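Below you'll find the structure, written out as structure tokens, and then a few comments.
Order of the sequence lines sets the chain letters (A, B, ...), proteins ahead of strands, with each chain counted from 1. Values in this document were obtained by computation on a predicted structure and should not be read as measured data.
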There are 2 protein chains.
Amino acid sequence: MSPAQPAARKPRADVARNRARILDTALRHFTEHGVGTSLEALAKDAGVGPATLYRHFPTREALLAAALDVRGEALLARLEPLQALARSDADEGLRQWLLALEGYLNTFSGLPEPVLAALASHSSPLAANCERLVKLTDDFLRAAQRDGTARPTVRARDLFLSALFLAWTDRAPLGEDALPTLRELLETGYSTR
Amino acid sequence: MSPAQPAARKPRADVARNRARILDTALRHFTEHGVGTSLEALAKDAGVGPATLYRHFPTREALLAAALDVRGEALLARLEPLQALARSDADEGLRQWLLALEGYLNTFSGLPEPVLAALASHSSPLAANCERLVKLTDDFLRAAQRDGTARPTVRARDLFLSALFLAWTDRAPLGEDALPTLRELLETGYSTR
DNA sequence: ATACAAAGCGGAGGCGGCCTCCATTTGGCG
DNA sequence: CGCCAAATGGAGGCCGCCTCCGCTTTGTAT
């Protein structure tokens with residue numbers, strides 16, 4: 001039932017090729033110039049016209065979401081070990097997960113902004129990605145709460161936002177020790193120790 | 001010694017007039033459209049050419065700093081009562097001050113970004129403004145620490161960043177109760193209760 | 001009052017980024 | 001090989017940033 005009655009035409013080969021080129025270039029440009037990089041320059045560098053870029057990824061956020069999915073694989077690779085850790089030490093597992101999350105939210109400079117917007121908008125291509133991460137955070141949090149090492153009033157979204165906050169400030173060269181101190185403050189806020 | 005030898009010329013009258021017009025319009029535009037508002041439109045609305053705007057305020061940040069100084073008066077008006085409160089209840093004084101700070105950092109939509117940048121850059125027109133606020137936060141914090149209601153390892157800059165974070169998330173329509181929960185988490189992080 | 005010069009002014013225009021038509025090309029299929 | 005739908009990319013309109021540069025305004029000296 002999913003394909004309509006007339007036999008579907010095989011998709012053209014250049015579509016996939018162009019999509020791959022664009023995504024590849026996007027990863028480079030987002031990494032080097034941040035999420036605000038010029039899409040025009042990106043398209044030129046990928047060897048396609050602006051229209052092609054916009055056809056494949058109608059908005060900057062759509063492209064960003066696709067690029068994040070690629071980078072997200074690295075995060076997911078770290079997931080299982082952390083889950084194992086959490087089973088023996090829920091507190092440490094949660095802490096490490098939040099650190100990994102912070103790193104991920106820092107994948108591209110300027111990423112926290114659109115992520116925050118996505119958290120609120122619910123209709124952004126990034127939203128699904130974020131919700132999955134909040135869900136995972138919730139798993140770690142629940143384990144820690146069962147162990148009594150995390151306060152019961154804390155919610156997963158709060159922790160996600162805390163990691164987002166840290167990622168946000170990461171990019172600004174504040175003092176040497178500003179980040180660790182902030183992490184500690186937040187940790188004190190959610191943990192029972 | 002401050003004026004050079006030849007008698008200085010009285011400054012022209014239109015300079016002050018234009019500056020006032022621009023600043024006035026800037027307050028309106030920043031309030032209505034956020035810190036990213038079009039400076040071109042702003043200039044037109046103020047009845048001056050773009051060049052005049054840029055002569056008075058060479059960068060967006062300079063204009064923003066001037067506008068914030070105006071709005072800052074409202075914050076300073078709340079300062080003395082809060083200081084009085086802090087003398088009798090340092091904990092509550094600090095909490096209220098941080099709330100006032102959060103509100104101030106939300107004066108214009110999008111303000112947290114440039115403020116964070118200013119905190120790091122040290123050469124931004126906003127930097128002086130920020131440092132003054134950090135200094136004030138330090139006064140409240142020290143009082144609370146003397147009273148033993150604030151952890152001794154916390155620093156004023158951390159609290160300022162916390163308020164900035166809350167202001168940053170304020171603008172995103174997250175859940176109904178997201179903000180209070182976050183405030184509570186941060187509060188738990190810096191206080192001894 | 002008038003003339004002068006310095007200071008200030010604003011429009012015009014170059015630049016770069018965003019995004020969208022649409023004429024042309026590409027590639028799958030018979 | 002030829003057809004045709006799908007995909008492409010360049011051209012171009014729009015907007016915002018920012019800077020010259022010729023002109024006007026304003027204070028001051030006569």
Side-chain angles (χ1 to χ4, degrees), chain A residues 3-26 28-30 32-64 66-67 108-110 113-114 117 124-125, chain B residues 3-26 28-30 32-64 66-67 108-110 113-114 117 124-125:
Chain A
Q5 192 67 307
R9 205 187 168 89
K10 195 167 95 180
R12 288 174 52 157
D14 48 354
V15 171
R17 186 174 48 81
N18 279 333
R19 196 193 140 89
R21 275 191 190 204
I22 291 169
L23 197 47
D24 195 59
T25 311
R28 251 185 321 114
H29 278 235
F30 282 145
E32 289 171 17
H33 311 294
V35 298
T37 191
S38 158
L39 296 186
E40 193 133 344
L42 196 158
K44 186 179 296 185
D45 202 31
V48 304
T52 300
L53 188 155
Y54 284 103
R55 191 171 314 105
H56 283 282
F57 305 98
T59 66
R60 180 183 298 271
E61 285 214 321
L63 182 53
L64 199 48
F108 307 127
S109 147
E113 252 77 30
S124 150
Chain B
Q5 191 67 304
R9 201 187 169 91
K10 195 168 91 181
R12 290 174 52 153
D14 48 355
V15 171
R17 185 173 49 81
N18 280 332
R19 198 193 139 89
R21 275 190 189 206
I22 292 169
L23 197 47
D24 195 59
T25 310
R28 249 184 324 113
H29 277 235
F30 282 145
E32 290 170 16
H33 307 115
V35 299
T37 192
S38 158
L39 296 186
E40 193 134 343
L42 196 158
K44 185 179 295 186
D45 202 32
V48 303
T52 299
L53 188 154
Y54 284 102
R55 192 172 311 107
H56 283 281
F57 304 98
T59 66
R60 182 183 296 271
E61 285 213 321
L63 182 54
L64 198 48
F108 307 127
S109 148
E113 251 75 31
S124 149

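- If you check C/dG8, C/dG28, C/dT20 against the side chain of A/Y54, the one that comes closest is C/dT20.
- Positionally, the nearest nucleotide of DNA chain D for A/P11 lies more toward the 5' end than for the other of A/P11 and B/G36.
- Atom CG of A/D14 is separated from atom C1' of D/dA5 by 13 Å (rounded to the nearest Å).
- When distances run from any side-chain atom of B/L39 to the nucleotides C/dG10, D/dC17, C/dG28, the shortest one goes to D/dC17.
- Regarding B/L53, its CG atom lies at a distance of 11 Å from the C1' atom of D/dC18, rounded to whole Å.
- In plain terms, the two heavy atoms of B/G36 and B/R60 that are nearest each other are C-NH1, 3.4 Å.
- Taking the side chain of B/E40 as heavy atoms from C-beta on, and the options D/dC18, D/dT8, D/dA11, the nearest nucleotide is D/dC18.
- Side-chain nitrogen and oxygen atoms of B/H56 include none within less than 4.0 Å of the OP1 or OP2 phosphate oxygen of C/dG8.
- Residue B/S38 places none of its side-chain N or O atoms closer than 4.0 Å to OP1 or OP2 of D/dC15.
- What separates CZ of B/F57 from C1' of D/dC18 is a distance of 17 Å, to the nearest Å.
- Per the geometry, CG belonging to B/L42 stands 13 Å off P belonging to D/dC18, to the nearest Å.
- Atom CD1 in A/I22 sits about 11 Å away from atom C1' in D/dT8, given to the nearest Å.
- Close to D/dA5, at under 4.0 Å from its OP1 or OP2, lies no side-chain N or O of A/R9.
- Between the P atom of C/dG17 and the NE2 atom of A/H29 lies a distance of 11 Å, rounded to the nearest Å.
- Counting heavy atoms from C-beta outward, B/L63 and B/L42 have side chains that approach closer than 4.5 Å.
- Residues A/D45 and A/H29 bring a donor and an acceptor atom of their side chains to less than 3.5 Å of each other.
- Counting non-hydrogen atoms under 4.0 angstrom, A/R19 reaches nothing in the nucleic acid.
- For A/A13 and A/A51, each mapped to the nucleotide of DNA chain C holding its nearest heavy atom, the one lying further toward the 5' end belongs to A/A51.
- Taking only side-chain nitrogens and oxygens, B/N18 comes nearer than 4.0 Å to OP1 or OP2 of C/dC9.
- Neither OP1 nor OP2 of D/dT24 sits under 4.0 Å from any side-chain N or O of B/R12.
- Here the shortest heavy-atom pairing between B/V35 and B/G110 reads CG2-O, 3.3 Å.
- Between C/dC9 and B/R55, a contact under 4.0 Å exists linking OP1 or OP2 to a side-chain N or O.
- The shortest distance between the side-chain N/O atoms of A/R17 and the OP1/OP2 oxygens of D/dA7 is not below 4.0 Å.
- Side chains of A/K44 and A/E40 form no contact here, defined as non-hydrogen atoms less than 4.5 Å apart.
- Here the P atom of nucleotide D/dA29 and the NZ atom of B/K10 are 12 Å apart, to the nearest Å.
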